[in-house]
Amino acid sequence: MTAAYRVSQLAALEAESIFVMREVVAELERPVLLFSGGKDSIVMLRLAERAFAPARIPFPVMHVDTGHNFPEVLDFRDARVSELGLQLLVASVPEAIESGLVREPADGTRNRIQTPVLLHAIEKYRFDALFGGARRDEEKARAKERVFSFRDEFGQWDPKNQRPELWSIYNGRHHPGESIRVFPLSNWTELDVWHYIAREGLALPAIYYAHDREVIERDGMFYAVNEFFATRSAEVPMARRVRYRTVGDASQTAAVLSDADTVQKVIEEVAATRITERGATRGDDKVSEAAMEDRKKEGYF
Amino acid sequence: MRDAKLVAPQSGGVGAYPGGVRGAEHGRMDLLRFATAGSVDDGKSTLIGRLLYDTKSLFTDQLEAVEAVSLARGDEYTNLALLTDGLRAEREQGITIDVAYRYFATPRRKFIIADTPGHIQYTRNMVTGASTADLALILVDARKGIVEQSRRHAFLCSLLRVPHLVLCVNKMDLVDWSQEVYERIADEFTAFAAKLDAPDLSVIPISALSGDNVASRSDRMPWYEGPSLLHHLEHVHIASDRNLVDVRFPVQYVIRPQSNVVRDYRGYAGQVASGVLKPGDEVMALPSGFTSRIAAIDTADGPVDEAFPPMSVTVRLEDELDISRGDMICRPNNTPTPTQDVEAMVCWMDESQPLRVGGKYAVKHTTRSVRTVVRALHYRLDVNSLHRDETATQLALNEIGRVRLRTTQPLFADEYRRNRTTGGFILIDEGTNRTVAAGMIVETA
Ligand SMILES: Nc1nc2c(ncn2[C@@H]2O[C@H](COP(=O)(O)OP(=O)(O)O)[C@@H](O)[C@H]2O)c(=O)[nH]1
């Protein structure tokens with residue numbers, strides 16, 4: 001074979017993701033893309049742009065908003081959405097607390113109560129397909145989830161009862177009320193995401209790059225001092241040069257010490273890092289070995 | 001790869017894109033997908049742990065978690081197998097239930113492992129993992145040699161037409177690195193594989209536990225002259241496994257922008273299943289049989305002058321034909337066979353009900369969905385002896401057999417051995433919507 005028919009692994013991943021997105025739009029009625037302003041969802045949105053060009057992205061985006069946000073990320077979300085001319089729906093956890101749909105947990109973490117808010121929005125807008133940016137390299141339970149992940153009418157994932165997924169043939173059939181979570185980035189790694197950001201010249205919220213920030217250290221992780229994060233009396237805020245590897249709930253997501261202030265430096269850093277993305281940054285996953293699995297069964301992403 | 005040249009204009013003042021060479025890419029690294037199979041305790045998890053460890057793809061927090069669990073369970077050593085047990089039920093029962101996907105990379109290649117459990121009841125998982133694999137890695141324990149399951153795994157790989165097969169003879173440390181033991185096993189397996197017409201077979205003696213011949217050549221088996229496993233995985237030639245001869249472009253979605261900027265645009269979006277498409281090529285659309293020429297092949301970066309697998313592109317034609325999702329674009333002198341009578345091997349994957357003659361199902365084949373009835377079950381295949389039981393009247397979970405289907409609309413079929421994309425299909429139960437079978441087209445009469 002001539003070298004001309006070579007396809008780089010990043011191009012192969014992109015082609016697969018685009019195929020997945022087109023399948024969903026062709027076969028399901030009401031898709032929506034979960035867009036938080038985080039890097040994985042930014043990449044997903046770019047893939048959607050490329051999948052349907054020169055037409056517009058044929059679905060709205062939705063943000064499940066815990067109310068605990070980094071302001072840069074919210075600004076980025078809004079700017080990106082208006083640039084692409086998309087409809088943005090916000091499923092708001094604070095509003096759900098106010099209306100009594102969910103109750104604020106005593107410890108103030110809103111990770112778990114996101115799920116009912118998400119499910120409520122799915123029901124309200126009658127979405128039958130939800131694109132999520134999760135990757136299989138992130139976590140053990142995710143490593144076993146399908147690209148097209150069937151959810152029952154309660155949004156629940158049943159890991160022992162998954163549909164076999166063969167070749168590139170995806171089964172999106174479902175009864176009314178049921179839905180499919182779709183993960184176009186299933187086969188991407190953190191490093192692939194960064195290489196794609198570099199290839200596409202994608203802008204990100206600035207907190208993904210090294211900056212100086214007031215943080216406190218807890219359990220070996222560096223948390224930003226902000227209105228959502230309750231510092232304990234013994235914890236002394238200190239200035240550190242950090243960046244975020246993931247952007248989740250601002251009360252739960254930790255930063256990593258870093259000098260990487262350009263895409264290339266981040267790529268080098270990610271290539272050399274010895275700690276997983278979630279391990280380095282997510283307080284919520286440390287709870288138990290099966291934390292993610294349990295949340296997914298309840299309908300989480 | 002041409003995808004690196006242009007990028008969609010980056011607009012918007014918000015957000016940061018500091019520095020970095022736009023268009024920089026993971027070099028020319030390519031992608032190899034492989035499936036692993038072995039009986040319980042042959043050392044599959046240890047081997048995967050080794051590969052991840054030796055390519056520095058394991059993370060300290062993953063290792064620490066595994067060490068902590070090993071300690072708590074009273075294991076004598078850090079049980080790398082725990083890395084690959086994802087679900088609670090798996091940890092509790094000490095078995096692996098489902099296919100897990102893992103990732104690692106070397107400077108040459110990125111690898112996706114479909115880690116499939118080896119228990120007898122999980123043929124379904126093996127078939128699933130093998131369906132997308134470029135290569136399958138089968139493990140045996142050097143002390144036990146080829147066992148029934150090894151044969152079954154090899155058979156399933158050949159059924160799914162996995163182009164490359166590697167037999168790892170593991171635990172060589174426990175047989176004193178014996179060349180004789182290795183050769184006996186290699187010979188027996190090679191003879192068996194010949195019966196299956198397995199395309200490309202390599203046999204490698206390893207010790208997953210101590211890493212011999214895993215990431216680098218071992219000096220404890222000087223009689224072995226082949227490459228280490230990792231070297232083989234990095235260098236095995238997969239580019240020519242793709243079918244670049246038969247043009248097959250299943251239409252996935254029709255792009256028609258509702259916009260004043262792009263008027264009268266009508267493009268057929270899809271992923272090239274096989275063959276090479278070029279602007280100016282004469283093409284035929286099925287089922288209509290009408291012909292036209294390719295006006296342009298578009299990507300988000302603009303038009304390209306060739307498209308080949310696995311590219312996702314949008315094809316525009318010179319003439320306005322009535323083409324929709326599920327249609328197939330091919331060449332007038334090289335088309336798949338439009339047929340409503342399909343001869344196929346199927347692997348049954350549903351536990352609640354068996355496949356029966358007369359059963360009705362939905363079929364998904366490429367981007368096309370039709371309905372079907374099972375007209376005949378010619379035989380059930382014993383995957384261990386390869387014996388054909390022609391008296392069989394049904395296929396239960398994990399059973400494989402040859403069937404004839406009658407479909408409501410034609411499929412544009414190729415033999416699976418010639419084309420894994422246009423030769424494979426799934427059956428879906430129309431009541432439960434579950435995927436109940438994988439099918440491979442045997443004959444297109
Ligand atoms: N001596 C020796 N033991 C091995 C080797 N590979 C695996 N084992 C051991 O064999 C047992 C089963 O291995 P495991 O990886 O869990 O097997 P799996 O069930 O195939 O995943 C464990 O006790 C391993 O330590 C090897 O190359 N040499």
Side-chain angles (χ1 to χ4, degrees), chain A residues 1 5-12 15-16 18-19 22-23 25-26 49-50 52-55 75-76 79-80 83 136-137 140-141 143-144 159-160 162-167 169 171 173-175 187 189 195 198-206 209 261-264 274-276 279 290 293, chain B residues 1 3-4 7-8 10-12 14-20 22-26 28-31 59-62 86-89 97-98 100-103 110 112 124 128 131-132 239-240 244 252-253 255 257 262 265 269 271 300 308 310-312 325 349 364 424 426 428 433-435 438:
Chain A
M1 253 359 76
Y5 297 123
R6 283 186 64 106
V7 177
S8 76
Q9 72 100 13
L10 199 59
E16 177 180 86
I18 287 176
F19 178 83
R22 288 170 170 171
E23 276 304 275
V25 170
E49 245 185 299
R50 292 170 69 81
F52 301 100
D75 290 347
F76 183 90
R80 190 78 184 112
E83 184 186 345
R136 286 173 176 154
D137 77 327
K140 286 172 165 201
K144 304 218 161 177
K160 284 193 280 188
Q162 301 194 79
R163 295 175 177 175
E165 201 157 77
L166 295 116
W167 301 290
I169 307 180
N171 176 359
R173 283 174 171 253
H174 61 280
H175 295 297
N187 286 322
T189 63
H195 276 290
R199 194 195 89 176
E200 291 294 305
L202 283 174
L204 299 181
Y209 296 104
D261 53 4
T262 66
V263 179
Q264 292 309 325
R274 306 305 316 141
I275 302 182
T276 60
E293 182 181 343
Chain B
M1 195 44 215
D3 61 356
V7 287
Q10 183 58 48
S11 49
V14 163
Y17 180 74
R22 186 180 267 206
E25 203 174 315
H26 262 292
R28 273 167 301 284
M29 201 194 247
D30 66 2
L31 184 62
F59 296 98
T60 46
D61 54 323
Q62 290 174 318
L87 304 172
R88 190 197 302 277
I97 294 170
D98 211 327
Y101 293 88
R102 336 215 150 261
Y103 305 83
K110 170 169 164 174
I112 302 179
R124 172 169 71 184
T128 301
S131 73
T132 50
S240 52
L244 294 173
Q252 207 186 352
Y253 181 73
I255 294 183
V262 236
Y265 185 98
Q271 187 168 26
F308 43 88
M311 290 169 71
S312 281
R325 175 174 169 84
M349 300 185 153
K364 196 170 177 196
I426 60 171
I428 299 167
N433 288 329
R434 294 166 57 88
T435 302

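Every chain is numbered from 1 and lettered A, B, ... according to where its sequence line falls, protein lines coming before strand lines.
Residues satisfying the ring pair (Phe, Tyr, Trp, His ring centres under 6.0 Å) test with B:Tyr101, not counting sequence neighbours, are none. With sequence neighbours excluded, the residues forming a ring pair (Phe, Tyr, Trp, His ring centres under 6.0 Å) with B:Tyr253 are A:Phe52, listed by chain and number.
Ranked by heavy-atom pairs under 4.5 Å with chain B, the first of A:Val25, A:Ile18, A:Asp137, A:Asn187 is A:Asn187. Contacts with chain B were tallied for A:Arg163, A:Glu16, A:Glu165, A:Arg22; A:Arg22 has the most, counting heavy-atom pairs under 4.5 Å.
Between A:Arg173 and B:Lys364 there is no side-chain heavy-atom pair separated by less than 4.5 Å.
B:Ile255 touches chain A through its side chain: at least one heavy atom from C-beta onward sits under 4.5 Å away, while N, CA, C and O do not.
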>> Go through it in stages, so that I can follow the logic: the residues are B:Gln252 and B:Arg325, the test is side chain to side chain contact (heavy atoms under 4.5 Å, CB included), and I'd like the CA-CA distance, side-chain angles, deciding distance and then a yes or no.
In response: CA-CA 5 Å; B:Gln252 207 186 352; B:Arg325 175 174 169 84; 3.7 Å; yes
